[in-house]
Amino acid sequence: MSETKTNVTANQPEQRELRYDPQRIEEKWHARWEADPTLYAAEPHDSKRKKYYVLEMLPYPSGALHMGHVRNYAIGDALARYMWMSGHNVLHPMGWDAFGLPAENAAIKNNVPPRQWTLSNIAHMKAQMKRLGFAYDWSREVTTCLPEYYKWNQWFFLKLYEKGLAYRKKSKVNWCPECATVLANEQVVDGCCWRHEETQVEQRELEQWFVRTTNYSEELLAGLDKLEGWPEKVRTMQRNWIGRSEGALVDFKIDGPTGSAGDKITVFTTRIDTIFGATSIQLAPEHPVVADLIGNDPHLHSKVEDLMREQVRAREAGDVGAIEKHGVFTGRYAINPFNQEKAPIWVANYILMDYGTGAIMSVPAHDERDYEFAKKYDLEIRIVILPRRTGEPPAHGEPEQPVLPYTEKDSLLINSGEFNELSNQEAIEKMSAVAEKKGFGKRTVTYRLKDWGISRQRYWGTPIPMLYCEKCGVAPVEEKDLPVVLPENVDITLQGGSPLGRLPDFVNATCPKCGGSARRETDTMDTFVDSSWYFYRYTNAQLADRPLDTATVDYWFPIDQYIGGVEHAILHLIYSRFWTKFMRDLGIVRNDEPALRLFTQGMVIKDGAKMSKSKGNVVSPDDMVAQFGADSTRMYSLFATSPDRELDWQEAGVEGVHRFLGRAYRFVMRNAGAARGSQSRDGARSAELSPKSRQIERKLHQTIKRVTEDFQGRWHFNTSVAAIMEFVNELYGAEDEISSGRFPRELLADVQRRLVLLLAPFSPYLAAELWEVLGEHQNLLRHPWPAFDPALAREDEITYAVQINGKLRSHVVLPAESPEDLVRERVLADEKVRAAIADKQVAKVIVVAGKLVNVVVR
RNA sequence: GCCGGGAUGGCGGAACUGGCAGACGCAGCGGACUUAAAAUCCGCAGCCCUUAAAAGGGGCGUGGGGGUUCGAGUCCCCCUCUCGGCACCA
């Protein structure tokens, strides 16, 4: 093969060399890089170079890479390569988030075992990544579905249990009676099962494992302030998710007979100051006291059932905001402890049991939702607070719309007994104090954040290492018995019950406490457990006796840059932060946060819509690589727009980048002769250069400056690539001088070497090829990033834009660094400027140094 | 409903702290090379008016309306459309 190719080259050297053929170049270097597995390996420890840990979110092995992956990894790879060249010891790993539902769905659909399906997907996607030229240290690869990894999920679970951070409680799941199995939200379509479209999904209560993420609510919230390298958007989303709110709990005594749920209703309110306007109590349909209040009235029972169903349906549809508010009066009353008034007790579909206490005091005059509800059911609306400045309050009669919460300092309470005339803040203080003193309430802080339910009633996940003994009850598997291996020969296409529950070999176990027979937990873990700590495992992926080595983690952590999609802004990134804090408290890591800096890249769309099979607008990375090469595909994904914005994929754009790379390729192929054997030129002799070659030298330094600053600052790689394009265009403009031999040989050599270095993070294949063409042999990643000389980048002359009253009227060329007086003088002397001023008076001259002059005339 | 982005030529997008709007690329047009085409190389190019044409002028222009400023794509207020997130958060 290679013989034939050599002959062709020998026969037609010119043509052969000048055509940019990415397939030939990329296949050649792909083979060489494959032969050297240590090429992108990070040093275990390096005291001379600073460490840099760049991490891209690991993919789910769905079958093939999509353009969103390519974009994510092109960003990370460019950064990793730049950091290598800037002299860092770079850790750049990759792995697979390999457990999860799609493998089970595929198994059911195509009758392939989940493990086989997953592993073959991984093999394919890994080959795609390698073909795209991503510089990963594959010796650290992590695959979460392998026992070597999930063993440590189980180990962590035992630690959580030991620390009281894992516990069991009843919780609702979607249940399909036809499948006799639990469904994920994703498997519920319009309230029905995905496999049985006629079958209504039921809600069932099951004992499930939870992790006490809420123990860390305050710290997770406070930590956000320190994460300055995270997008403000993500920090805001997490703050809202954690949802700290200060308020008070207030007890309302139930009037009349009560039952097992107690004789009072505790409400949570952030606005205790409005309590004199509380004209009813609203309960969540699941509130325990509801059963006591409605007794066995069949009508009320069915009404409450309806309300509950409405709430569940709205939640599933993700449409809770739009729920039409319904409620039912229980016929009972509760006593407002502040004024002893009787407030009717209602049950309402918009009250959530899992926030606050599941009971609220309804203040229709000052809350929109309460107002809407009160209007609908004709409940009393009583104004109790107004801005002081409005003067006469409409103290009687109902407002046209809710008089929304006044929190200004000059607000004023009315209709509130002894608290009248107080401001909102004063009232909150005083009323809370009174409630605490009299024992019917107290100040409190609540969070929206809930504990993390990690039980999944499915097969393809990490088995939860717990046992149930008839005598001893719940018992953890002993550490020495880990891993609890997920059985492989399981027929998950059978319907009914848990696949693991059908395997006697799996289920039947021995109790570690009493030695008697025990039943094994058949639930598996949420896959978010896998992704909560995988990035620690990369630091020592082969470690057999521990999940991680503390000293090694200490060297690499925190992650210097984490890159991924904004869709993970909440769940994954909160669980990861929680896990880090948990590990810190276990004493096995020392950092508080997993990542110092986070970058969320924009979505890849096509023709204005998200790529999806049903729309038929999916672009395959393989097709792009086959047509234009990996370099062009990657570079286009960086060039089309800045990385944080949505990217509209245009194939013609890839072709354009391919054309540009061809131009760069041809320039070096034509002029490499000058570089080979020539010493690099180190500036400082600009005075001897012709105007053209000085211009090239200046542009070279300006380009290095722009690209370097993009890496250090905003990551607008689209402008980096544009800058390199401009530079190459400039080189083509000097071709006459170059081909005639008048261009300084050393400068020509220098220009080419630095051009190739600038291309290296974006188009690694082409850079490697051209580096070799230039007679260089050192691995580009070990070569220092080019430096620029600010003095050589500076312009000698500046063209000032001249405005008259803000309208552009002329341009004046002046030597750089002209003093302001001279600029003013020369501008006012300019012919066009004088004509524009004519006989008007010059009122002011504004000089913006190095840029613009605005002459204000009257 | 709430929260958070976004809107710039025919298209993707530049313009970093308010300072020449449209860099760079695509598509388009003209030219060179070629028997021809492709490829390549060079050039033109926001819209409108003025002009026989060109040069040159002039006006308009960053979703819409107001404002601040010598000067606004950029800052402030109101509105429209659009994308994303959501657990009605009491």
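Lettering of chains follows the sequences in order, A, B, ..., and the numbering in each one begins at 1. This structure is a prediction, so every number in the text was calculated from the model and none was measured.
Nucleotides B:G64 and B:U80 place their P atoms 15 Å apart, quoted to the nearest Å.
B:C2 is paired with B:G85 under the Watson-Crick or G-U wobble criterion, all donor-acceptor distances under 3.5 Å. Under the Watson-Crick or G-U wobble criterion, with both distances below 3.5 Å, B:A72 has no partner in any strand shown. Remark: B:C33 base-pairs with no nucleotide in the shown strands. Criterion, Watson-Crick or G-U wobble with two distances under 3.5 Å. Searching all strands for a Watson-Crick or G-U wobble partner of B:C11 with both distances below 3.5 Å returns B:G25. Nucleotide B:C60: paired with B:G46 (Watson-Crick or G-U wobble, both distances less than 3.5 Å). Applying the Watson-Crick and G-U wobble criteria (two distances, each under 3.5 Å), B:A53 pairs with nothing in any strand.
Remark: A:Q841 CD is loosely packed, at most 12 non-hydrogen atoms of other residues, nucleotides or ligands lying under 6.0 Å away.
Nearest to the side chain of A:T270, among B:A14, B:A90, B:G59, sits B:A90. Set against B:A87, B:C70, B:G12, the side chain of A:K844 has B:C70 as its closest nucleotide.
At distances below 3.5 Å, at least one donor-acceptor pair connects side-chain atoms of A:D631 with backbone N or O atoms of A:L766. No donor-acceptor pair closer than 3.5 Å links the side chain of A:T269 to the backbone N or O of A:A248.
Comparing A:Y636 and A:E655 against RNA chain B, the residue whose closest nucleotide sits nearer the 5' end is A:Y636. Both A:G806 and A:N729 lie near RNA chain B, and the one whose nearest nucleotide falls closer to the 5' end is A:N729.
At whole-Å resolution of the value, CG in A:L249 and P in B:C89 are 18 Å apart.
Look at A:R663 and you'll find a side-chain N or O under 4.0 angstrom from OP1 or OP2 of B:C41. Contact check, A:R659 against B:A27: a side-chain N or O comes under 4.0 Å of OP1 or OP2. For B:A15, one of the phosphate oxygens OP1 or OP2 lies less than 4.0 angstrom from a side-chain nitrogen or oxygen of A:R714. For the pair A:T446 and B:C89, the criterion of a side-chain N or O lying under 4.0 Å from OP1 or OP2 is not met. OP1 or OP2 of B:C41 has at least one side-chain nitrogen or oxygen of A:R666 nearer than 4.0 Å. Contact between the side-chain N/O atoms of A:S362 and the OP1/OP2 oxygens of B:A90 is not found at any separation under 4.0 Å. The phosphate of B:C42 has neither OP1 nor OP2 within less than 4.0 Å of any side-chain N or O from A:Y732. Contact check, A:K807 against B:C20: no side-chain N or O comes under 4.0 Å of OP1 or OP2.
A:E735 comes within 4.0 angstrom of nothing in the nucleic acid, heavy atoms only. Contact annotation for A:G243: no contact, since no heavy-atom pair falls under 4.0 Å across all strands. Among the atoms of the strands shown, only primed sugar atoms or phosphate atoms (P, OP1, OP2) are found under 4.0 Å from some heavy atom of A:R809.
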Nucleotide by nucleotide, 5' to 3', does protein get under 4.0 Å of the base (B), only the sugar-phosphate (S), or neither (-) in nucleotides 2-8 of chain B, counting heavy atoms? -SS--S-

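Looking at A:E709 and A:R714, no side-chain N of the basic residue comes within less than 4.0 Å of a carboxylate O on the acidic one, giving no salt bridge.
A heavy atom lying under 4.0 Å from RNA chain B marks the following residues of residues 849-858 of chain A, by number: A:K851, A:L852, A:N854, A:V856.
Syn is the classification of B:G9, since its glycosidic angle stays within 90° of 0.
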